[in-house]
Amino acid sequence: MTTIQQIADHLGVNKAAASKQMQKLGLDYKTMSLDEIARAYMARQRAIASGHTAAIGVEGEDLDLMQERAKKERCERELLQMKLDKRALEVINLKSWEFKWPHFTATIKKHFLLAEKEIIKQTKKRYGIKLDIALIHSFANQALVHLEHSTKP
């Protein structure tokens with residue numbers, strides 16, 4: 001029957017460290033030979049040294065660093081995809097906008113000209129002032145020409 005003190009002496013560590021390692025390895029050290037224990041201990045140390053295992057894990061368990069790195073990469077990829085999806089909602093499709101643009105400008109012109117007529121009508125009705133329709137129309141046309149040239153897709 002192997003004791004913790006014998007294991008500590010064989011591995012060259014103190015008794016507390018040997019006890020902790022036996023718990024982490026999950027070995028039934030009482031029924032194993034010192035050589036078997038040493039091989040299991042060295043295998044764990046090699047895994048830690050190669051970067052595949054973290055010596056300090058969650059709740060005393062070792063972490064598989066390859067799996068943790070893969071999780072991290074997956075999370076970063078999903079976060080980037082969410083950012084791209086959000087950005088895609090902010091971008092307009094110019095091809096579809098080109099087809100809608102003439103209708104859009106025609107609607108603006110129609111409403112602008114209707115507003116022009118309504119301004120003249122309401123000014124006469126409320127204030128008794130007759131406005132020159134040609135003057136109002138010239139201002140409206142200048143605004144429409146400016147709008148058409150400055151906002152083409």
Side-chain angles (χ1 to χ4, degrees), residues 1-119 122-123 126 136-153:
M1 185 164 126
T2 311
T3 65
I4 291 289
Q5 186 60 53
Q6 289 172 327
I7 295 169
D9 293 340
H10 188 72
L11 297 177
V13 296
N14 63 35
K15 190 174 177 179
S19 177
K20 188 174 181 181
Q21 290 300 321
M22 293 306 105
Q23 287 176 345
K24 286 189 177 194
L25 290 168
L27 298 178
D28 182 15
Y29 63 88
K30 293 178 182 176
T31 61
M32 297 175 71
S33 70
L34 287 174
D35 288 338
E36 291 172 325
I37 293 169
R39 278 193 290 279
Y41 174 75
M42 285 186 272
R44 181 174 185 278
Q45 295 304 315
R46 276 192 221 102
I48 292 170
S50 68
H52 294 276
T53 303
I56 301 170
V58 179
E59 298 175 6
E61 293 184 23
D62 292 340
L63 291 176
D64 183 338
L65 294 181
M66 298 302 283
Q67 287 180 350
E68 293 300 316
R69 287 184 190 116
K71 285 179 190 176
K72 179 183 174 200
E73 290 295 323
R74 192 175 311 114
C75 289
E76 288 175 355
R77 183 182 68 241
E78 289 171 1
L79 181 62
L80 180 60
Q81 187 63 48
M82 286 189 288
K83 287 179 182 178
L84 289 173
D85 291 345
K86 181 181 176 189
R87 180 81 175 152
L89 293 174
E90 296 171 358
V91 177
I92 61 168
N93 183 349
L94 288 179
K95 288 289 183 193
S96 66
W97 184 247
E98 281 180 317
F99 296 116
K100 295 174 186 176
W101 186 251
H103 176 68
F104 180 69
T105 54
T107 303
I108 290 174
K109 285 180 184 180
K110 177 181 155 191
H111 286 289
F112 212 77
L113 295 173
L114 289 173
E116 170 187 297
K117 291 178 183 176
E118 190 63 28
I119 289 170
Q122 289 296 324
T123 305
R126 290 183 183 195
I136 301 291
H137 193 62
S138 70
F139 287 130
N141 279 337
Q142 285 175 3
L144 288 170
V145 167
H146 178 72
L147 176 70
E148 191 172 334
H149 286 46
S150 66
T151 58
K152 283 192 177 179

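In this text, all values refer to a predicted model and were calculated from it rather than measured experimentally.
- Thr2 places no side-chain N or O within 3.5 Å of a backbone atom of Leu34 that could act as its donor or acceptor partner.
- Atoms CZ and CD, from Arg69 and Glu73 in turn, are 10.0 Å apart once rounded to the nearest 0.5 Å.
- A salt bridge (charged side-chain N to carboxylate O under 4.0 Å, His left out) check over residues 33-43, counting only residues at least two apart or in different chains, returns nothing.
- Among residues two or more places apart in sequence or in another chain, the side chain to side chain donor-acceptor pair (under 3.5 Å) test is passed with Thr31 by Asp28.
- Atom CD of Glu116 sits about 11.0 Å away from atom CZ of Phe139, to the nearest 0.5 Å.
- To the nearest 0.5 Å, atom CG of residue Asn141 and atom NZ of residue Lys109 are 9.0 Å apart.
- For Phe112, the ring pair (Phe, Tyr, Trp, His ring centres under 6.0 Å) test picks out no residue, with sequence neighbours left out.
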Using atom types as modelled, flag every donor-acceptor pair under 3.5 Å from a side chain in residues 74-85 to any protein atom, sequence neighbours excluded.
unit_1: Gln81; atom_1: NE2; unit_2: Asp85; atom_2: OD1; d: 3.0

Scan the side chains in residues 5-21 for donor-acceptor partners under 3.5 Å anywhere in the protein, sequence neighbours excluded, and list what turns up.
unit_1: Gln5; atom_1: NE2; unit_2: Asp9; atom_2: OD1; d: 3.0
unit_1: Gln6; atom_1: OE1; unit_2: Thr3; atom_2: N; d: 2.9
unit_1: Asn14; atom_1: OD1; unit_2: Ala16; atom_2: N; d: 3.2
unit_1: Asn14; atom_1: OD1; unit_2: Ala17; atom_2: N; d: 2.7
unit_1: Gln21; atom_1: OE1; unit_2: Arg44; atom_2: NH1; d: 3.2

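- Taken to the nearest 0.5 Å, the NE2 atom of His103 stands 10.5 Å off from the CD1 atom of Ile108.
- With sequence neighbours left out, the salt bridge (charged side-chain N to carboxylate O under 4.0 Å, His left out) criterion links Lys117 to no other residue.
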